[in-house]
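Structure first, then comments.
As a basis for the values below, the full set of heavy atoms in this structure was taken, side chains included, without hydrogen atoms, waters or symmetry mates.
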Amino acid sequence: MAKSLVIYFSRRGENYWNGSIKNLVKGNTEIVAEMIAEAVHADLFEVERAKPYPVSYDACTKEAQEEARAKARPELAYGLESIDEYDTIFIGYPNWWGTMPMPMFAQLERLNFTGKRVAPFCTHEGSGLGKSEKDARTVCAGAEVVKGLAIKGAEAAESAQYVIPWARAAVQG
């Protein structure tokens, strides 16, 4: 039986949300990741940086931008070492500086995606997928990368009408 996994990075706390800063108990990407997992009975794996980003939204974005410029691969709190048992891998993240946050690159580069189907999704506040789909094709070499899904972060909790059919289609191929 085909198995699916959702690998995601999400930010709780101060986030840019509909034009202002809002403190989120659960990150937007986490909300969508859980929606996908429930819709397709997927396992969940959250990517976490060993050294958390600053609590302040402005300080976090500055640090994340510096990481992106340097193409840094920050140390992770723990890493997923294998995806061998999975057929479809959903990769989710907030769009930071036009692509995935650097911790996602650090995690994905550890894995062998040969023969897998990869479905990228992101949350954003206006920038869509940016170049993250292209980057997913590069970092998930050997995988079939399907059309990604971009969800406006402020609408994550109300996005089931878009997320569920997309996730089910990704699993079915």
Side-chain angles (χ1 to χ4, degrees), residues 2-13 15-18 22 24-49 53 60-61 64 67-68 76 79-80 83 85-111 113 115-173:
K3 285 187 73 177
S4 300
L5 173 66
V6 181
I7 300 172
Y8 72 96
F9 175 87
S10 193
R11 176 167 166 84
R12 297 168 195 85
N15 274 268
Y16 187 74
W17 204 85
N18 253 357
K22 182 176 179 179
L24 304 179
V25 175
K26 185 179 282 196
N28 298 320
T29 306
E30 183 177 11
I31 291 168
V32 177
E34 289 175 348
M35 208 178 283
I36 291 167
E38 186 176 330
V40 301
H41 310 289
D43 293 335
L44 283 167
F45 180 82
E46 182 176 10
V47 174
E48 293 183 57
R49 209 169 160 234
Y53 285 104
C60 173
T61 58
E67 280 184 346
L76 302 178
L80 178 65
I83 54 173
E85 67 184 288
Y86 300 101
D87 303 292
T88 302
I89 317 298
F90 293 88
I91 57 171
Y93 43 88
N95 180 336
W96 284 6
W97 307 107
T99 193
M100 298 177 266
M102 294 300 107
M104 282 297 291
F105 284 95
Q107 174 57 70
L108 298 176
E109 287 172 351
R110 295 179 176 190
L111 303 171
F113 286 92
K116 307 294 182 186
R117 178 178 297 121
V118 172
F121 67 95
C122 78
T123 55
H124 66 94
E125 284 302 316
S127 53
L129 284 160
K131 66 183 188 89
S132 68
E133 250 181 331
K134 178 180 176 255
D135 290 341
R137 283 186 175 80
T138 301
V139 78
C140 301
E144 170 198 1
V145 179
V146 303
K147 177 85 175 123
L149 179 70
I151 296 293
K152 191 160 191 279
E155 297 168 3
E158 293 82 33
S159 64
Q161 65 185 351
Y162 306 109
V163 173
I164 293 170
W166 172 82
R168 289 182 177 154
V171 169
Q172 293 168 356

Contacts under 3.5 angstrom, residues 153-173 side chains, donor-acceptor by atom type, not counting sequence neighbours:
{"from": "Ser159", "atom 1": "OG", "to": "Ala156", "atom 2": "O", "distance (Å)": "2.7"}
{"from": "Trp166", "atom 1": "NE1", "to": "Lys147", "atom 2": "O", "distance (Å)": "2.9"}

Decide yes or no on side chain to side chain contact (heavy atoms under 4.5 Å, CB included) for Arg11 and Trp96, but give the supporting numbers first.
CA-CA 11 Å; Arg11 176 167 166 84; Trp96 284 6; 4.0 Å; yes
If you measure from [atom1] on [X] to [atom2] on [Y], what distance do you get to the nearest 0.5 Å?
X      : Y      : atom1 : atom2 : result
Thr123 : Leu129 : OG1   : CG    : 10.5 Å
Leu24  : Lys22  : CG    : NZ    : 6.5 Å
Phe45  : Leu111 : CZ    : CG    : 8.5 Å
Arg137 : Glu144 : CZ    : CD    : 9.5 Å
Asn28  : Arg12  : CG    : CZ    : 11.5 Å
Ile7   : Leu44  : CD1   : CG    : 10.5 Å

Check whether [X] reaches the backbone of [Y] with its side chain - one donor and one acceptor, N or O, closer than 3.5 Å.
X      : Y     : result
Lys116 : Tyr86 : yes
Gln107 : Val47 : no
Asn15  : Gly13 : yes

Glu38: partners by side chain to side chain donor-acceptor pair (under 3.5 Å), with sequence neighbours left out
none
[X] to [Y] - nearest heavy-atom pair and separation:
X      : Y      : result
Val118 : Ala143 : CG2-CB, 3.6 Å
Leu108 : Cys140 : CD1-SG, 4.4 Å
Ser4   : Val40  : CB-CG2, 4.4 Å
Val6   : Ala37  : CG2-N, 4.2 Å
Met100 : Met104 : CB-CB, 3.9 Å

Are any of the side-chain heavy atoms of [X] and [Y] separated by less than 4.5 Å?
X      : Y      : result
Phe105 : Asp135 : yes
Phe113 : Val139 : no
Tyr8   : Glu46  : yes
Pro120 : Val145 : yes
Pro103 : Glu67  : yes

Residues Tyr93, Thr99; criterion side chain to side chain contact (heavy atoms under 4.5 Å, CB included); working and verdict
CA-CA 9 Å; Tyr93 43 88; Thr99 193; over 6 Å; no
Is any NZ, NE, NH1 or NH2 atom of the basic residue among Glu125 and Lys152 found under 4.0 Å from an Asp or Glu carboxylate oxygen of the other?
yes
State which residues pass ring pair (Phe, Tyr, Trp, His ring centres under 6.0 Å) with Tyr16; sequence neighbours excluded, sorted by chain then number.
none
For Leu5 and Leu80: C-alpha separation, side-chain torsions, deciding distance, then whether side chain to side chain contact (heavy atoms under 4.5 Å, CB included) applies.
CA-CA 11 Å; Leu5 173 66; Leu80 178 65; 3.6 Å; yes
